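What follows is a single structure, written as structure tokens, with notes after it.
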Amino acid sequence: MLEFDRAIVCTGGSVDLDLVPGAREHAYAIDGDRVARLFSEARRIAARSGRVAVCGGGLTGVEIATELAEALPGLRVELVAASEIVPGLSRKAREHARAVLGRLGVVVREEVRVTAVAADHLDSAAGPIGFDLCAWAAGFRAVPLLAGLGLPMAADGRVIVDAYLHARPDLLVAGDAAACAAAGGGWLGAGCKTAMPMAAHAADTAVAELTGGAVHEFRYADPGYCVSLGRRDGIVQFMDGAGPRERIVKGAWRRGSRSRCAATPCWR
């Protein structure tokens, strides 16, 4: 047993393969070393013009769909989203993402909810959607390490923390394991851009409490998103306190150019 005065837990999270029946058995999750296995299998399927269904219209789903379609031109890629794609971004960003997906030949199905995953097809409200390979990028759950400690939990398995990131006086939780209240309501989104400042703040809080220093609430301001759309295109989405702004930067990062960036500013 290891005793402590303060502990910081940053155990992270993963794609939720239990969101619908069959996903765990028949789909590749977009996390960890399973991505490498997905691309290896996709390369084999591309040689015979096979089909890949990517489930999830968020940033991860859109990025993996564009990467697969660009890297493996023989592959037929279909992106299935329960709502519109990249719903947290602005209208201009969504329009550009749709344009790039179309240019790469990706079939996009928006507002189509998957209800189950079988060995060779998705069951959905729009009927069966066939595939040779399924990539799962829908849903998220925190690693269940803290689930049995009697701590307050959010619906996605994250531990609810206070404004200082405490789950209890001697335990701080940060990153994808923590449900931290967002300024506009709900919880801060999971991901590296929230996890890294939370971890740094948790460390500062623990040190301050143990040494008598000043303790401050965690305050997060979302600067924006960088979205990869394959290797030749992308989006920078600027944010403010109210959410996504209509201002974006879109385009390609061009090697060897003087500015090194051929992106096009786009805003009102």
Side-chain angles (χ1 to χ4, degrees), residues 15 30-31 35-36 38-39 42-43 46 49 51-112 133 135-138 140 182 184 188-197 220-268:
V15 176
I30 307 303
D31 62 4
V35 175
L38 165 69
F39 267 85
R43 187 174 291 110
S49 300
R51 299 169 296 174
V52 171
V54 179
C55 297
L59 298 178
T60 304
V62 168
E63 289 187 335
I64 199 70
T66 53
E67 187 74 22
L68 283 167
E70 183 180 87
L72 302 170
L75 202 62
R76 291 180 289 162
V77 181
E78 193 159 348
L79 177 64
V80 184
S83 63
E84 61 185 355
I85 62 169
V86 288
L89 304 190
S90 67
R91 175 182 58 83
K92 288 184 181 293
R94 288 194 297 276
E95 289 174 353
H96 185 65
R98 290 187 184 108
V100 174
L101 286 160
R103 173 171 57 78
L104 293 172
V106 178
V107 175
V108 179
R109 293 176 180 253
E110 297 181 83
E111 309 288 347
V112 174
L133 179 68
W136 191 262
F140 168 88
L188 286 179
C192 60
K193 70 175 184 173
T194 52
M196 290 189 289
Y220 177 77
D222 192 345
Y225 291 88
C226 295
V227 186
S228 169
L229 300 174
R231 301 299 175 90
R232 297 176 176 84
D233 214 315
I235 300 168
V236 176
Q237 170 70 70
F238 296 95
M239 306 287 283
D240 58 28
R245 300 167 62 184
E246 279 299 319
R247 183 188 177 193
I248 66 172
V249 176
K250 61 183 181 179
W253 187 270
R254 189 174 294 164
R255 292 183 181 274
S257 66
R258 184 172 181 178
S259 66
R260 297 192 63 79
C261 184
T264 303
C266 178
W267 63 82
R268 285 180 176 172

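Keep in mind the model is a prediction, meaning the values are calculated, not measured.
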Gap separating the CZ atom of Arg245 from the CG atom of Leu89, nearest 0.5 angstrom: 14.0 Å

Donor + acceptor pair across side chains of Ser228, Glu67 (<3.5 Å): no

Of all the heavy-atom pairs spanning Ser90 and Pro244, show the shortest one and how long it is. N-CB, 3.7 Å

Where is the tightest heavy-atom contact between Pro87 and Gly57, given as atom of each residue plus distance? CD-O, 4.1 Å

For the student: nearest non-hydrogen atoms of Val15 and Ala138, plus distance: CG1-O, 4.0 Å

With Ala53 via side chain to side chain contact (heavy atoms under 4.5 Å, CB included) - residues at least two apart: Leu122, Phe131

From CG (Leu75) to CG (Leu68), nearest 0.5 Å: 6.0 Å

Closest non-hydrogen contact found for Arg231 with Glu70 is N-OE1, 2.6 Å

What pair of heavy atoms forms the shortest contact from Gly56 to Leu79, and how long is it? O-CD1, 3.3 Å

With no hydrogens and no angle check, is any side-chain donor or acceptor of Lys193 less than 3.5 Å from a backbone partner on Gly224? yes

In Å, rounded to the nearest 0.5 Å, how long is the span from CG of Asp233 to OG1 of Thr66? 9.0 Å

Student check: side-chain heavy atoms of Phe39 and Ile64 closer than 4.5 Å: yes

Return the set of residues passing side chain to side chain contact (heavy atoms under 4.5 Å, CB included) with Val236 (not counting sequence neighbours), or none when no residue passes. Cys226, Phe238, Val249

Donor-acceptor pair, distance only, cut-off 3.5 Å: does the side chain of Arg76 make one with the backbone of Ser49? yes

Side chain to side chain contact (heavy atoms under 4.5 Å, CB included) evaluation trace for Ile235 with Lys92: CA-CA 10 Å; Ile235 300 168; Lys92 288 184 181 293; over 6 Å; no

Go through the structure and list residues passing side chain to side chain contact (heavy atoms under 4.5 Å, CB included) with Ala81, not counting sequence neighbours. Ile85

Of all heavy-atom pairs between Gly189 and Thr194, which one has the smallest distance, and what is that distance? O-OG1, 2.8 Å

So do the side chains of Leu104 and Val77 get within less than 4.5 Å of each other, counting heavy atoms only? no

Using salt bridge (Lys or Arg N to Asp or Glu O under 4.0 Å) as the criterion, list what pairs up with Arg109, not counting sequence neighbours. Glu78

So how far is it from Arg247 CZ to Met239 CE, rounded to the nearest 0.5 Å? 14.0 Å

Within residues 80-89 or reaching into it, pairs that qualify as side chain to side chain donor-acceptor pair (under 3.5 Å) - sequence neighbours excluded: Glu84-Arg94

OH (Tyr225) and CD1 (Ile248) are apart, to the nearest 0.5 Å, by 14.5 Å

pair Lys250-Leu229: side-chain heavy atoms closer than 4.5 Å: no

Qualifying salt bridge (Lys or Arg N to Asp or Glu O under 4.0 Å) pairs, either residue in residues 57-66, two or more places apart: none

